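Heads up: the structure comes next, in structure tokens.
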Amino acid sequence: MDSLDRRDFLGLTLAAGAAAALPAPLALARPRRRSSLEGTFFDASPLGGSGNASAILGEGGNSLLLKSGDASLLVDSKLGPFGRVLLDDIRKLGAGRDLTVLNTHHHGDHTGGNHAFKDAALVRAHENAFPKFEASMDWYRSMGEQAVRQLDQMPADKRGLAEPAIMDYAERLADLAAGDFLPDTPITEPETIIDIGGLTVMLYAYGPGHTDNDVVVSIPELNIIHTGDLVFNGWNPFMDANGGCDPRNWVGVLENVEKLCDADTIVVPGHGEIGDVSIIRGQIAYIQRIFQEVGRSIGQEQTREQVTETTYAFQHGLGGEWIRPIANGFIYDLLQE
């Protein structure tokens, strides 16, 4: 369930010399220890030695659960049909009653589960995300239909845990509205400090990158950072023209995130395995290289179709092959402006 496939992005409005391989950091990071409590659907990866933080992977973007006293923070709420499953799991993992949910950006694989937290948590997101929820309704509904078809592929124990929530979501598709997913409170400043049970959490909005509403979550005391989809570890990154993606600024955003890290920082990407600061550098290298190589192709008078069909050397072996032509085409259009 840790893979990123078309199901995770279905319904999003898609943007329309020899290359050396990317440096090793973009390769999949070593998987961390995972644990699964009895009666939980998701596997959790404990982060650091404090027991306060866990990464929860699969069925959408990577989530992060932070616990301190009776307060908890959940970063990203996954695909809509699994929202209630996620809420049940984090309660079993010890999430406190004082719960905050933070969406790193508006895409439905990070916000779809918001509906399950409307009465259980304060949901926050960048102010630029708010206008985009109405336009995401077809996406939220299509995820319900996909999840029902997915049930037959689940192991019996997982299916037993997820089926009630998935079927309930599917039965409500016609009644779903943007308000069911809309966050409660906007993030309006470039830097916001929140307190989670005595732990300081820093929220950084460095400007457009993957979208125009990216928020980076840093927990300095635990030396943990969640980048949202500013980092795809081991994958071609998704570039969404209608979501405010700005690849030129993306590099600068990531350079700011890198400054928050040291050699021991645990970095949770939006998709892919958990890593360290090297996966941020790998994402920077990917974006720099795609500009270089697509620009070279344009200089050789290649057409947009030829560029989208090309797998450049630095893209070999990366996941999300279906995303690669979208990224190549996005940069081609950008360089033609």
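The chain is numbered in sequence order, starting from 1. Every value quoted in this text rests on a predicted model; they were computed, and no experiment measured them.
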Could you please spell out the steps behind the salt bridge (charged side-chain N to carboxylate O under 4.0 Å, His left out) verdict for R172 and D168? CA-CA 6 Å; R172 295 190 296 118; D168 177 70; 3.3 Å; yes
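In this structure a side-chain-to-backbone donor-acceptor pair under 3.5 Å is present from S77 to G113. The backbone N or O of D76 lies less than 3.5 Å from a partner atom in the side chain of S63, making a donor-acceptor pair. A donor-acceptor contact shorter than 3.5 Å links the side chain of N236 to the backbone of G319. Between the side chain of N233 and the backbone N or O of I279 there is no donor-acceptor pair closer than 3.5 Å. Of the possible donor and acceptor atoms, none in the side chain of D214 sits under 3.5 Å from a partner among the backbone N and O of D229. Under a 3.5 Å cut-off, the side chain of D98 and the backbone N or O of D70 do not form any donor-acceptor pair.
Under the rule for a side chain to side chain contact (heavy atoms under 4.5 Å, CB included), D119 has no partner lying at least two apart in sequence or in another chain. Under the ring-ring contact (aromatic ring centres under 6.0 Å, His included) criterion, H105 pairs with H107, H110, H210, sequence neighbours left out. For F181, the ring-ring contact (aromatic ring centres under 6.0 Å, His included) partners two or more places apart in sequence, or in a different chain, are H115, Y140.
Ring pair Y204/Y206 is parallel by interplanar angle, where below 30° counts as parallel and above 60° as perpendicular.
Classification of D333 and R304 as a salt-bridged pair holds, one side-chain N sitting under 4.0 Å from a carboxylate O.
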